[in-house]
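The chain is numbered in sequence order, starting from 1.
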Amino acid sequence: MTRRGYLPIILVLAVLALLPFAVTSNVVLNFVVFVLIIALAAQGWNLLGGVGGQSSFGHAAFFGTGAYVSAILQVRFGVNAWVATAVAVAAGAAVGWVIGFLSFRAGLRGSYFALVTLAFAEVLRILANAAGFTGGAAGLLMKLDVGFWNMQFNSRAAFLWLALGFVAVGLIASQMIANSRFGAQLVAVRENEEAARALGVDVLSVKLKAITVSAALTAVAGCLYLQYFLYIDANIAYGLWISVEALLAPMVGGRGLVLGPIIGAFTLHGLGEASKLLAGRVAGIDLAVYGAVLIVVVAFAPGGVLGLVRKLRFKSQPVAKTAGETA
């Protein structure tokens, strides 16, 4: 475990933790909280799709499961918010394992796996929209009851620190995986499954571990969304929007890199909000910006923002002279 890999994470977390002391605007704090929730979901996608190479179009299945299980436990059974969150994360992980087992056992990969995950998310959306215990089309409205044990706070800064704590766990866990044998196996599977299998890697087991952890992280994001907005319905929980957000952030920030999702989430939503300020309330202007950013990244910076920064830094470094060169 190298200390160098954790220093950028500590710096990013420190800056965000100190932000409420410098900024008191509720608009800004709301923006940061929402982006942190997206970044956490994107961190889950990045582990599976970025590091492991198993691109998913259906991370809404895990986000929605986390949000709905937590909401049902609190609204229907009066369970403590923290306990409900723990159970919801376990449920999200279980859904991830089931989807992974069915998909990977069938040998699905690439676009086939992506479409299957999308189908699972859509099936769950339809079921949640029709079922009575989920509130049906009306959804579930949480009771406003401010208190630590209810994971509700008067101050937006307090919720920002809560969300940041979960993001910190996600970042550190991702860095630990990157430095571990499991991380090396994930990269090997991403690069060449057959070669990894020939070297003794249990490909199915590695993929199942990756999708389970990925689903758990994304389920946490769903729980945080519920606790912040105190409402959930099928279109929010299992909607395509969160699958797209979870996918776009790592691609823009740096797919497969630990800080890629959080950098990408702030880049995308920062540009989206800036475009709204400049262009006014033009419907869909933020989506147009997302599309433009994605095209630019794919065309000119496939490694994302962090990949581009690394490339520019490498080019700016002086090339070491060989023995035959003069000073």
Practice item. Given side chain to side chain contact (heavy atoms under 4.5 Å, CB included), test Ser205 with Gln185 step by step and report yes or no. Key: CA-CA 10 Å; Ser205 175; Gln185 291 174 336; over 6 Å; no
Practice item. Please work out whether the ring planes of Trp161 and Phe21 are parallel, tilted or perpendicular, with thresholds of 30° and 60°. Key: tilted
Practice item. Describe, in one word, how the ring planes of Phe34 and Trp241 are oriented to each other, choosing from parallel (under 30°), tilted (30 to 60°) and perpendicular (over 60°). Key: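 Parallel: the ring planes of Phe34 and Trp241 meet at under 30°.
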[Y] reachable from [X] in the ILVMFWY side-chain graph, under 4.5 Å edges:
| X | Y | result |
| --- | --- | --- |
| Leu230 | Trp82 | yes |
| Phe77 | Met151 | yes |
| Phe159 | Leu144 | yes |
| Leu18 | Val32 | yes |
| Met142 | Val146 | yes |

Between [X] and [Y], which heavy-atom pair has the shortest distance, and what is it?
| X | Y | answer |
| --- | --- | --- |
| Gly272 | Tyr290 | CA-CE2, 4.4 Å |
| Ala237 | Ile232 | CB-CG1, 3.7 Å |
| Thr218 | Ala41 | OG1-O, 3.6 Å |
| Ala215 | Gly92 | CB-O, 3.3 Å |
| Ala88 | Gly66 | CB-O, 3.2 Å |
| Leu308 | Ala301 | CB-CB, 4.3 Å |

For the backbone of [Y] and the side chain of [X], can you confirm whether one donor and one acceptor N or O come within less than 3.5 Å of each other?
| X | Y | answer |
| --- | --- | --- |
| Asp233 | Ala137 | no |
| Glu245 | Ile38 | no |
| Glu273 | Phe31 | no |
| Thr117 | Ala114 | yes |
| Arg255 | Gly49 | yes |
| Ser243 | Ala60 | yes |

Do [X] and [Y] touch side chain to side chain, with heavy atoms closer than 4.5 Å?
| X | Y | value |
| --- | --- | --- |
| Pro20 | Leu160 | yes |
| Tyr6 | Val258 | no |
| Leu268 | Val293 | yes |
| Leu294 | Met251 | yes |
| Val187 | Glu191 | yes |
| Phe101 | Thr212 | no |
| Thr85 | Leu224 | no |

Could you grab the distance from atom [atom1] of [X] to atom [atom2] of [Y], nearest 0.5 Å is fine?
| X | Y | atom1 | atom2 | result |
| --- | --- | --- | --- | --- |
| Phe57 | Trp45 | CZ | CH2 | 8.5 Å |
| Leu36 | His269 | CG | NE2 | 11.0 Å |
| Tyr68 | Cys223 | OH | SG | 13.5 Å |
| Leu102 | Leu108 | CG | CG | 9.5 Å |
| Leu40 | Leu164 | CG | CG | 10.5 Å |
| Gln175 | Ile10 | CD | CD1 | 10.0 Å |

Practice item. From the options Val35, Val167, Thr267, Ile9, select the one residue that forms a side chain to side chain contact (heavy atoms under 4.5 Å, CB included) with Ile262. Key: Val167
Practice item. Among Leu11, Asn46, Val305, Leu306, find the one that has a side chain to side chain contact (heavy atoms under 4.5 Å, CB included) with Leu259. Key: Leu306
Check your understanding: Considering residues at least two apart in sequence or located in another chain, which fulfil the side-chain hydrogen bond (donor to acceptor under 3.5 Å, both in side chains) criterion with Glu194?
Key -> Arg109
Exercise for review: Output, in order, the C-alpha distance, side-chain angles, deciding distance and verdict of side chain to side chain contact (heavy atoms under 4.5 Å, CB included) for Leu140 and Tyr231.
Suggested key: CA-CA 6 Å; Leu140 289 173; Tyr231 173 76; 6.0 Å; no
Are there over 12 heavy-atom neighbours, none belonging to [X], within less than 6.0 Å of that residue's [atom1]?
| X | atom1 | result |
| --- | --- | --- |
| Phe148 | CZ | yes |
| Arg105 | CZ | no |
| Phe229 | CZ | yes |

Practice item. Assess the pair His59 and Phe120: is the distance between their ring centroids shorter than 6.0 Å? Key: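 Distance test on ring centres: not under 6.0 Å, no.
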Point to revise | Ring centre gap for Phe113 and Phe104 strictly below 6.0 Å | key: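 Ring-ring flag for Phe113/Phe104: true, centres closer than 6.0 Å.
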Check your understanding: Given Val189 and Lys207, is the side chain to side chain contact (heavy atoms under 4.5 Å, CB included) satisfied, shown in steps?
Key -> CA-CA 8 Å; Val189 170; Lys207 285 183 176 182; 4.0 Å; yes
Exercise for review: Scan side-chain atoms only and decide if Arg125 and Asn235 contain a donor-acceptor pair under the 3.5 Å cut-off.
Suggested key: yes
**Study point:** Tyr238-Thr65 side chain donor-acceptor pair, cut-off 3.5 Å
**Key:** yes
**Study point:** Candidate pair Thr134 and Ile72, rule side chain to side chain contact (heavy atoms under 4.5 Å, CB included), full reasoning
**Key:** CA-CA 7 Å; Thr134 63; Ile72 291 168; 4.2 Å; yes
